[in-house]
Amino acid sequence: MSESRPAGLEPERVEGRLRERFPNVAFRRQEGEAVRDHSLYLPAESLVEVCTFLRDDPDLRFSMLSWLGGVDYLPREPRFEVVYHLLSIPHHGRFVLKVAVADEEPRVPTVTGVWPTANWHEREAYDFYGIVFTGHPDLTRILLPEEWVGWPLRKDSPLGYQEVTFTHNTPGRMVPDPDLKKLAPKKVTYRAH
């Protein structure tokens, strides 16, 4: 006996409602073979108003921001994106919003007033990419130490190095024979279950 699931909120319907409600906002759908989720780009200055509508509209009710993150597309311009994954639990819907952000002084308005969970997500994007969320109540580092300099997930950030203790740098280890050129492959026996 198969269990039937309720029909979900179609992303095309969500996009249609947004275009109807905000005719002056320059929405752009992300296209391409690699696009998995229905994603809509919008300008940063319309973000809070659009997000509030998505949350409050009774036909949509995107009451949950499940994830927010930054992306660095260096050398593309605009270089950064902020991605918002939204869920409508009562209507079984998912939707993705994206805001393109320029390289110089990357700024996006905060959505913590719409979804309180954005607080930590925005702090993480700030911590790793240096994207500033204007109006955020406490935009401080969340994972890295306060004295950290730079933005480690930017593609132009220098790669760091810290040696970790493994067998090759453990005191008293056995040094392999310098004549050893190649290790023989390990013989593996498989059993059928």
Side-chain angles (χ1 to χ4, degrees), residues 9-57 60 62-88 93-144 148 150-159:
L9 181 62
E10 294 298 320
E12 291 81 9
R13 180 174 164 214
V14 177
E15 181 180 344
R17 292 278 290 137
L18 288 174
R19 290 184 186 279
E20 174 187 300
R21 171 66 177 80
F22 301 98
N24 298 326
V25 173
F27 292 109
R28 179 177 57 87
R29 184 190 294 182
Q30 185 176 16
E31 303 286 345
E33 293 179 21
V35 177
R36 287 183 37 203
D37 295 321
H38 190 105
S39 303
L40 208 58
Y41 285 93
L42 74 157
E45 59 271 8
S46 303
L47 179 66
V48 175
E49 186 180 10
V50 168
C51 289
T52 303
F53 172 76
L54 287 169
R55 180 196 65 192
D56 295 344
D57 185 86
L60 302 176
F62 283 95
S63 56
M64 182 177 179
L65 170 68
S66 64
W67 182 78
L68 175 160
V71 184
D72 183 358
Y73 284 109
L74 185 73
R76 188 185 82 178
E77 193 54 47
R79 175 178 174 175
F80 299 105
E81 279 183 7
V82 180
V83 183
Y84 302 81
H85 284 259
L86 311 177
L87 290 177
S88 173
R94 297 169 42 149
F95 201 71
V96 179
L97 292 176
K98 296 185 176 187
V99 176
V101 186
D103 186 8
E104 292 298 317
E105 296 184 35
R107 295 184 177 280
V108 177
T110 184
V111 293
T112 55
V114 182
W115 299 290
T117 189
N119 188 323
W120 285 36
H121 293 285
E122 289 176 352
R123 286 179 63 194
E124 183 180 47
Y126 166 74
D127 204 5
F128 289 145
Y129 294 98
I131 299 170
V132 174
F133 293 87
T134 55
H136 191 282
D138 182 29
L139 196 60
T140 55
R141 290 199 183 271
I142 191 167
L143 296 171
L144 296 172
W148 188 280
W151 317 107
L153 291 187
R154 286 189 179 190
K155 290 188 176 176
D156 57 358
S157 180
L159 297 176

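Note that the numbering runs from 1 along the sequence shown for the chain.
Panel note: side chain Ser88, backbone Leu60; a donor-acceptor pair is recorded below 3.5 Å. Remark: side-chain polar atoms of Asp127 are paired, donor with acceptor, to backbone N or O of Leu144 under 3.5 angstrom. In this structure, Arg123 contributes its side chain and Arg141 its backbone to a donor-acceptor pair below 3.5 Å. Under a 3.5 Å cut-off, the side chain of Ser66 and the backbone N or O of His85 do form a donor-acceptor pair. His38 places no side-chain N or O within 3.5 Å of a backbone atom of Val96 that could act as its donor or acceptor partner. Using modelled atom types, one side-chain atom of Glu122 and one backbone atom of Val111 make a donor-acceptor pair closer than 3.5 Å. Looking only at distances, no side-chain donor or acceptor of Arg21 sits under 3.5 Å from a matching main-chain atom of Phe53.
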> side-chain contact (heavy atoms from CB on, under 4.5 Å) between Leu86 and Trp115: does it pass, once the steps are laid out?
Replying inline: CA-CA 10 Å; Leu86 311 177; Trp115 299 290; 3.5 Å; yes
> Going through the checks in order, is the side-chain contact (heavy atoms from CB on, under 4.5 Å) test met by Tyr129 and Val82?
Replying inline: CA-CA 10 Å; Tyr129 294 98; Val82 180; over 6 Å; no
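For Arg94, the CZ atom counts as loosely surrounded, since its 6.0 Å shell holds 12 or fewer non-hydrogen atoms of other residues, nucleotides or ligands. In the displayed structure, Glu104 atom CD is contacted under 6.0 Å by at most 12 heavy atoms of other residues, nucleotides or ligands. Residue Glu105 places its CD atom among 12 or fewer non-hydrogen atoms of other residues, nucleotides or ligands, all under 6.0 Å distant. More than 12 heavy atoms of other residues, nucleotides or ligands shown are found within 6.0 angstrom of CH2 on Trp67.
With Leu54 as reference, Val50 is the one residue of Asp56, Thr52, Val50 to meet the side chain to side chain contact (heavy atoms under 4.5 Å, CB included) rule. Partner Val101 forms a side chain to side chain contact (heavy atoms under 4.5 Å, CB included) with one of Asp72, Val108, Val132 and no other, that one being Val108.
For the pair Asp156 and Arg79, the minimum side-chain heavy-atom distance is below 4.5 Å. Side-chain contact between Tyr84 and Leu42 is absent, with no heavy-atom pair separated by less than 4.5 Å.
A salt bridge links Glu81 with Arg76; the closest basic N to acidic carboxylate O contact falls under 4.0 Å.
To the nearest 0.5 Å, the span separating OH on Tyr73 from CG on Asp103 amounts to 15.0 Å. In this structure, CG on Leu40 lies 10.0 Å from CD on Gln30, to the nearest 0.5 angstrom. Once rounded to the nearest 0.5 Å, the distance linking CG of Leu68 with CD1 of Ile131 reads 9.0 Å. Between the CG atom in Leu47 and the CZ atom in Phe133 there is a gap of 9.5 Å [rounded to 0.5 Å].
Residue Gly70 comes nearest to Ala125 through the heavy atom pair N-CB, 4.2 Å, listed as atom of the first residue, atom of the second, then distance.
Using bins of under 30°, 30° to 60° and over 60° for the plane-to-plane angle, the ring pair Phe22/Phe27 lands in the perpendicular bin.
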